[in-house]
Engineer: 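First the structure, then my questions, so here it is.
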Number of protein chains: 2
Amino acid sequence: MTGGMAVADPMYRVISDELRQKIESGQLAPGSQLPTELELRDRFNASRNTIRDAVKTLVSLGLVVTRPGQGTFVTERIDPFVTTLSADADTGFGGGEGATYLSEVSRAHRQPFMSEPRVEVLLATGEIADRLRVEEGTQLVSRHQQRHIDNTPWSLQTSFYPMQFVLDGATRLLEAVNIPQGAVQYIQEILGLKQTGYRDWITVRAPDANETAFFRIPGDGRVAVFEIFRTAFAESGDPMRVTVSVFPSDRNQFIVDVGTVPAPQLGTT
Amino acid sequence: MTGGMAVADPMYRVISDELRQKIESGQLAPGSQLPTELELRDRFNASRNTIRDAVKTLVSLGLVVTRPGQGTFVTERIDPFVTTLSADADTGFGGGEGATYLSEVSRAHRQPFMSEPRVEVLLATGEIADRLRVEEGTQLVSRHQQRHIDNTPWSLQTSFYPMQFVLDGATRLLEAVNIPQGAVQYIQEILGLKQTGYRDWITVRAPDANETAFFRIPGDGRVAVFEIFRTAFAESGDPMRVTVSVFPSDRNQFIVDVGTVPAPQLGTT
DNA sequence: GCAAATTTGTTCGTATGTATT
DNA sequence: CAATACATACGAACAAATTTG
């Protein structure tokens with residue numbers, strides 16, 4: 001342990017701290033414009049590059065956004081969409097997916113939109129094979145969808161099913177069309193395979209290039225994404241489906257109810 | 001729409017993309033050192049500042065870490081700790097807290113450590129008052145704990161109880177000592193108030209100054225934190241406790257089980 | 001519709017500070 | 001103490017996006 005006196009913070013940090021304090025105290029309101037870089041340069045008696053370093057840390061913290069040709073603005077919070085992961089445990093239908101997804105969103109007075117699926121046949125790779133408990137190289141059907149709410153890109157979802165389901169008669173899994181009653185219900189109707197539960201595995205990571213483009217978030221990883229692996233189980237205890245959903249963390253929150261919980265109060269924080 | 005030809009990416013982006021590809025393809029293994037800034041400057045025929053911009057975007061993406069005096073290294077993944085939020089629904093005890101926390105961690109062959117609590121009496125503020133459904137300004141007891149695993153800082157946890165619980169006899173809530181059987185159990189024993197369920201509200205945000213210091217994560221928001229609000233409900237349906245837990249997203253993942261789910265396979269992704 | 005002004009983005013050069021080996 | 005490597009800071013020039021006159 002060296003103890004000793006603290007060294008002075010670098011100048012860009014002092015500047016960003018002062019601006020940060022002004023933002024977090026509300027002195028600089030959300031949506032309002034910061035002084036321009038040249039104004040800040042004069043005000044703090046620093047070079048423009050040092051000002052830019054200070055502003056960059058604020059950008060990194062998600063406190064401000066910069067717009068070329070316009071200026072730097074205090075971030076406006078997006079009204080978050082809240083997904084209940086533990087919805088409808090009895091029916092085996094999960095929160096935030098398929099048929100339940102649409103009704104959940106409508107309930108919050110928002111306009112949902114779900115793209116037609118992109119369907120592929122592919123070979124199981126490490127992570128997916130692992131979760132589905134099949135051999136690597138097993139043939140799978142993947143159904144990929146983009147989901148929007150109020151014209152804002154909201155999530156990317158890909159479900160993986162064993163190709164065997166199709167061979168056994170669930171041919172609509174291969175059609176690039178939404179399944180009205182939901183794939184879970186469809187599989188039960190055709191194959192008699194009932195989903196009795198699921199496990200959600202929640203992680204957070206930096207977005208890849210596809211995700212930054214679709215969600216329109218910065219390409220430098222400042223906005224992380226949730227990646228939720230949902231493994232659905234049949235009565236036998238075997239996995240019957242894996243769904244991978246990606247949500248930008250700046251506009252998504254999740255709820256998990258355990259035990260007896262009163263109905264949520266809409267509009268509550 | 002202007003259509004038109006795509007303009008060339010800036011140089012620092014071209015450089016970071018090339019390095020990124022080398023890292024993600026495994027050509028640069030985790031833990032290995034990148035060429036120094038001066039070497040990269042010569043290799044890419046750019047200025048050192050431009051190289052630094054490229055490296056900064058990699059840092060921002062969490063792909064590399066820089067160490068002054070040493071060099072730049074490919075990030076090594078931390079073996080994540082996985083918390084089951086839906087644990088023990090029957091008993092009303094939640095995953096990842098108090099008594100269950102210790103046993104859950106031990107099960108994974110890790111060494112847990114929980115600090116003695118810092119206890120405070122304070123007035124309910126907006127967010128907490130809202131979730132506890134009490135008036136702003138109501139007196140609350142807060143119990144704050146730091147939790148480590150294998151000497152790595154793991155989470156910060158603060159629980160809020162109505163001060164009335166203490167007045168009604170649950171005086172140990174005010175003592176800055178761990179409650180062996182857990183506060184939930186203690187409250188039930190003393191007050192006969194049974195926790196019948198809880199709601200977890202999962203968000204992700206940039207860490208504040210305290211959190212960056214405790215978790216030893218960079219102060220610029222590159223590593224986000226989970227913030228999980230757990231509102232616990234009594235039989236009456238009224239909230240009896242709010243617990244706020246903060247976890248760095250680089251070393252934590254969460255599981256939610258809904259319906260019938262087979263036991264987890266340890267060591268599985 | 002266009003040109004000028006404004007504002008942020010990229011790139012270079014240079015010098016000095018700080019941490020580690 | 002010296003060498004190495006990243007961190008901070010300044011100055012300068014030009015590019016690209018946007019707004020304004």
Side-chain angles (χ1 to χ4, degrees), chain A residues 1-19 28 31-60 62-75 212 216 218-220 222, chain B residues 1-19 28 31-60 62-75 212 216 218-220 222:
Chain A
M1 288 290 252
T2 49
M5 224 183 69
V7 281
D9 276 342
M11 195 189 313
Y12 77 89
R13 201 151 229 335
V14 173
I15 296 171
S16 69
D17 282 349
E18 179 167 333
L19 291 172
L28 282 167
S32 65
Q33 182 170 8
L34 264 64
T36 68
E37 292 173 351
L38 296 186
E39 284 168 345
L40 290 172
R41 163 171 64 81
D42 296 339
R43 161 140 16 141
F44 287 103
N45 202 14
S47 75
R48 181 177 165 228
N49 278 333
T50 299
I51 295 297
R52 280 180 62 74
D53 279 346
V55 171
K56 269 181 211 161
T57 75
L58 297 178
V59 170
S60 182
L63 293 172
V64 303
V65 291
T66 57
R67 294 201 276 269
Q70 297 188 49
T72 303
F73 301 84
V74 180
T75 308
T212 55
R216 294 184 224 126
D220 59 2
R222 292 195 307 263
Chain B
M1 288 293 249
T2 49
M5 224 182 68
V7 282
D9 276 342
M11 198 188 313
Y12 78 90
R13 200 154 235 324
V14 173
I15 296 172
S16 69
D17 281 349
E18 178 166 335
L19 292 172
L28 282 167
S32 65
Q33 182 172 6
L34 264 66
T36 68
E37 292 174 349
L38 295 186
E39 285 168 343
L40 290 172
R41 163 171 65 80
D42 296 340
R43 162 142 13 142
F44 287 103
N45 202 16
S47 77
R48 188 180 158 226
N49 278 336
T50 300
I51 296 297
R52 280 180 62 73
D53 280 345
V55 173
K56 268 183 211 158
T57 74
L58 297 178
V59 170
S60 180
L63 293 173
V64 303
V65 290
T66 58
R67 293 200 277 269
Q70 296 187 48
T72 303
F73 302 84
V74 180
T75 307
T212 57
R216 293 184 224 128
D220 58 2
R222 291 195 309 263

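Note on naming: letters A, B, ... go to the chains in the order of the sequence lines (proteins, then strands), and numbering restarts at 1 for each one.
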Engineer: Sequence neighbours left out, what passes side-chain contact (heavy atoms from CB on, under 4.5 Å) with A:Thr75? Give chain and number order.
Structural biologist: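 Residues passing side-chain contact (heavy atoms from CB on, under 4.5 Å) with A:Thr75: A:Val65.
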Engineer: Rounded to the nearest Å, what distance is computed from the CE atom of residue A:Met11 to the P atom of nucleotide C:dG17?
Structural biologist: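 Distance, rounded to whole Å: 13 Å.
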Engineer: By side-chain hydrogen bond (donor to acceptor under 3.5 Å, both in side chains), which residues pair with B:Asp220, not counting sequence neighbours?
Structural biologist: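 side-chain hydrogen bond (donor to acceptor under 3.5 Å, both in side chains) check on B:Asp220 returns B:Arg222.
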Engineer: Partners of B:Thr212 by side-chain hydrogen bond (donor to acceptor under 3.5 Å, both in side chains), sequence neighbours excluded?
Structural biologist: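 side-chain hydrogen bond (donor to acceptor under 3.5 Å, both in side chains) check on B:Thr212 returns nothing, list empty.
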Engineer: Under 4.0 Å between a side-chain N/O of B:Thr72 and OP1 or OP2 of D:dA5, yes or no?
Structural biologist: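 No, because none of the side-chain N or O atoms of B:Thr72 sits under 4.0 Å from OP1 or OP2 of D:dA5.
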Engineer: Could you tell me whether the side chain of B:Gln70 and the main chain of B:Gln33 form a donor-acceptor pair under 3.5 Å?
Structural biologist: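 No, because the side chain of B:Gln70 does not come within donor-acceptor range (under 3.5 Å) of the backbone of B:Gln33.
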Engineer: Rounded to the nearest Å, what distance is computed from the CZ atom of residue A:Arg67 to the P atom of nucleotide C:dG9?
Structural biologist: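 Distance, rounded to whole Å: 11 Å.
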Engineer: Holding to side-chain hydrogen bond (donor to acceptor under 3.5 Å, both in side chains), I want the full list of residues that pass it with A:Arg52, two or more places apart in sequence or in another chain.
Structural biologist: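 Partners of A:Arg52 under the side-chain hydrogen bond (donor to acceptor under 3.5 Å, both in side chains) test: A:Glu37.
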Engineer: Report the distance from atom CD of B:Gln33 to atom C1' of D:dA5, rounded to the nearest whole Å.
Structural biologist: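 Distance, rounded to whole Å: 9 Å.
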Engineer: Test of understanding: with side-chain hydrogen bond (donor to acceptor under 3.5 Å, both in side chains), list the residues that count as partners of B:Thr72, not counting sequence neighbours.
Structural biologist: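 In terms of side-chain hydrogen bond (donor to acceptor under 3.5 Å, both in side chains), with neighbours along the sequence ignored, B:Thr72 is linked to no residue.
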Engineer: Could you tell me the separation between the CZ atom of A:Phe73 and the C1' atom of C:dT8, rounded to a whole number of Å?
Structural biologist: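 It works out to 11 Å between those atoms.
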Engineer: Rounding to a whole Å, what distance do you find between A:Tyr12:OH and C:dG17:P?
Structural biologist: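 Spelled out: OH on A:Tyr12 to P on C:dG17 is 17 Å.
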Engineer: Which whole-number value in Å describes the distance from A:Asp9 CG to D:dA7 C1'?
Structural biologist: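 The answer, rounded to whole Å, is 13 Å.
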Engineer: Output the rounded distance in Å from CD (A:Gln70) to P (C:dT7).
Structural biologist: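 In whole Å, C:dT7 P and A:Gln70 CD are 11 Å from each other.
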Engineer: Tell me, which of residues 36-52 of chain A have any heavy atom that sits under 4.0 Å from an atom in DNA chain C?
Structural biologist: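 Heavy-atom contacts with DNA chain C come from A:Thr36, A:Glu37, A:Arg48, A:Arg52.
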Engineer: Report the distance from atom NZ of B:Lys56 to atom C1' of D:dC6, rounded to the nearest whole Å.
Structural biologist: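 Roughly 11 Å, once rounded to whole Å.
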